[in-house]
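This report concerns only the one structure given below.
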Amino acid sequence: MKPSTHTRVKAAVALVLLMLLAFLPAVRVRAEEGMFLPDMIDSLPLDKLKKRGLKITPRDLYDPNGVSIKDAIVIVGGGTGEFVSPEGLLLTNHHVAFEALVAASTPEKNYGETGYAAMSRAEELPAEGYTVSITQELKNVTGEVLAGVNADMSQAARNRAIQTKIRELEAVGNNPAEGLRVRVQALNDGMWYYKFTYLVLRDVRVVYAPPESIGFYGGDDDNFEWPRHCGDFTFMRAYVGADGKPADYSKNNVPYKPKKFLPISLDGIKEGDVTLMMGYPGTTRRYRESYSVAFNRDSLLPFQVDFYTNQIRILEDMSKRDRELAVSLQSRLADLNNTMKNFAGSVLALRRENVLEKKRAAEAEFTRWVNAGDAARKAKYGSVLPSLEEAYKGYDRMAIRDLLANQIFGASDLLGIAFFAQQIAADKEKPENERNAALGGANIARARTLISSTLARRNPTVERELLTYMLRAADELPADQKIPVIEKRFGALKGEARRRAEEDFARAVVDSKEFGTAEALSGLFDRSLSQLREVRDPLIEFASELGLE
């Protein structure tokens with residue numbers, strides 16, 4: 001429904017296998033590791049793995065023509081899960097399912113705090129908004145995506161060619177009626193492009209979740225630390241219609257029967273066992289150049305830490321005054337604290353491990369190698385680092401501004417819906433072969449069905465406070481990084497006069513009278529871009545202006 005501002009686990013669509021091979025010499029423990037896409041499993045050090053005790057074969061892990069462990073590993077909400085029974089039961093992290101617990105909570109029954117246990121299938125708790133995505137097929141389509149690209153293209157032309165081809169590939173195989181979704185994902189910043197086909201199940205329910213004192217034992221003090229001692233797990237179940245096809249929640253739905261599920265061993269593990277982890281990881285910047293490391297360490301990550309810390313302070317202050325609000329904000333505060341801890345720890349780790357210095361040393365070695373080569377080598381590689389450095393000069397200046405502009409949409413549910421309508425309208429004006437499949441009919445229909453529940457859950461007071469804070473944060477950006485549409489509204493005002501104007505505007509956006517109902521908001525999806533621009537309502541005007549920034 002709206003751009004995600006923060007999620008506890010942001011899963012990429014790429015199913016990967018992480019291999020940790022532990023050896024136990026007398027003095028110390030040493031580990032070898034690697035991350036592989038399923039179709040790269042044959043490149044694993046299989047002989048070494050067998051000597052360490054691996055008994056399954058590569059085809060047991062991934063069989064492109066049959067059933068394998070790959071079919072048991074799924075995306076649940078924003079994280080990874082795995083089927084553990086033939087009746088659709090799956091295991092995932094407590095923090096992945098936490099939003100489902102909070103959404104169903106009240107001050108009298110706070111499942112986020114107490115956990116939840118269904119004594120029968122009829123008592124399983126609907127996980128509103130959650131889906132389970134099961135990879136049906138993955139294919140390396142790098143050659144197809146880059147077929148229309150050549151060295152003489154401008155960057156803009158190159159991007160257009162790539163996106164056009166991606167849209168063509170995604171259009172083939174997308175079948176919302178059957179629950180099939182196709183996505184082409186750029187991996188390693190475009191080194192590879194993979195086409196993933198997913199079966200998306202829309203009825204997901206909570207079976208058992210431990211209380212927060214177990215599921216999040218140690219809190220954020222222990223988060224991202226090792227070792228941890230929390231019981232970070234939840235059991236959920238996926239359902240389908242009586243015909244076996246994906247369906248929205250219904251009491252008449254039946255448990256999904258997975259092609260493969262993981263049996264659970266009660267024998268336990270011992271030190272030195274081979275460990276293979278398959279799942280859907282988040283993103284990483286570890287392979288980026290020194291300019292990226294410097295920007296993230298010194299500018300972007302510190303800004304984000306401050307940005308999320310301020311939001312946490314605002315929401316915690318509000319929670320102290322309202323028990324019902326405190327219950328509803330549990331998941332959002334958990335998301336914010338998780339994100340802030342991640343970013344703060346990343347800054348610390350980058351400095352502690354001297355990552356920037358190591359990157360610069362590697363790039364200096366690369367430069368020496370280039371300069372020691374012949375004319376062809378210099379022509380091919382000589383401009384790589386200088387061009388990256390030059391590109392970052394412009395990117396560094398605008399990245400924080402663009403980040404904040406995108407975050408503003410997450411301050412208000414109404415603003416997020418209006419922004420989605422603006423995206424749909426703008427996409428309709430593009431040539432058909434350039435349109436975004438994510439803005440097509442099936443997703444629009446699903447968005448319409450979610451509007452009522454979104455309105456029921458939203459808290460205008462929280463939205464006003466967050467939007468007011470973000471407008472103030474925009475005012476505090478350096479002079480050369482201002483957001484034009486915001487400065488157009490408030491730039492002539494200073495000090496308290498601007499603060500009052502920002503508060504009044506936030507109230508007008510969040511308390512929109514004309515677009516405060518599901519019917520009115522749903523109708524926005526049918527309007528053209530010019531029709532949206534004609535609407536004289538602060539909510540619609542702001543979403544349209546900011547969306548086209």
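One-based numbering along the sequence shown.
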Which residues share a salt bridge (charged side-chain N to carboxylate O under 4.0 Å, His left out) with Arg59, sequence neighbours left out: none
Sidechain-backbone polar pair: Asp60 side chain, Thr57 backbone, donor-acceptor under 3.5 Å: yes
Pairing residues for Glu465 by the salt bridge (charged side-chain N to carboxylate O under 4.0 Å, His left out) criterion, not counting sequence neighbours: none
Residue list, ring-ring contact (aromatic ring centres under 6.0 Å, His included) with Tyr291, at least two apart or on another chain: none
Residues that Lys55 engages under salt bridge (charged side-chain N to carboxylate O under 4.0 Å, His left out), provided they are two or more places apart: none
Residue pairs, two or more places apart or on separate chains, that pass ring pair (Phe, Tyr, Trp, His ring centres under 6.0 Å) and touch residues 56-83: Phe83-Tyr256
Side chains of Glu99 and Ser331, donor plus acceptor under 3.5 Å: yes
Residue pairs passing the side-chain hydrogen bond (donor to acceptor under 3.5 Å, both in side chains) test where at least one lies in residues 200-215, sequence neighbours excluded: Arg202-Asp248, Asp203-Arg205, Asp203-Asn253
Selection residues 103-124 - residue pairs positive for ring pair (Phe, Tyr, Trp, His ring centres under 6.0 Å), sequence neighbours left out: Tyr111-Tyr116
Solution key, residues 293-300 side-chain donor-acceptor pairs under 3.5 Å, sequence neighbours excluded:
{"unit_1": "Asn296", "atom_1": "OD1", "unit_2": "Arg285", "atom_2": "NE", "d": "3.3"}
{"unit_1": "Asn296", "atom_1": "ND2", "unit_2": "Ser292", "atom_2": "O", "d": "2.8"}
{"unit_1": "Asn296", "atom_1": "ND2", "unit_2": "Ser292", "atom_2": "OG", "d": "3.2"}
{"unit_1": "Asp298", "atom_1": "OD1", "unit_2": "Arg351", "atom_2": "NH2", "d": "3.0"}

Ile214: partners by side chain to side chain contact (heavy atoms under 4.5 Å, CB included), with sequence neighbours left out: Pro210, Pro211
Full working for side chain to side chain donor-acceptor pair (under 3.5 Å) between Gln330 and Asn110: CA-CA 10 Å; Gln330 290 175 101; Asn110 184 359; 2.8 Å; yes
Any residue meeting ring-ring contact (aromatic ring centres under 6.0 Å, His included) with Tyr130, in chain and number order, not counting sequence neighbours: none
Set of residues satisfying side-chain hydrogen bond (donor to acceptor under 3.5 Å, both in side chains) with respect to Thr461, sequence neighbours excluded: Arg464
By salt bridge (charged side-chain N to carboxylate O under 4.0 Å, His left out) - contacts of Arg121 (at least two apart): Glu87
Lys270 backbone acceptor or donor facing Asp273 side chain under 3.5 Å: yes
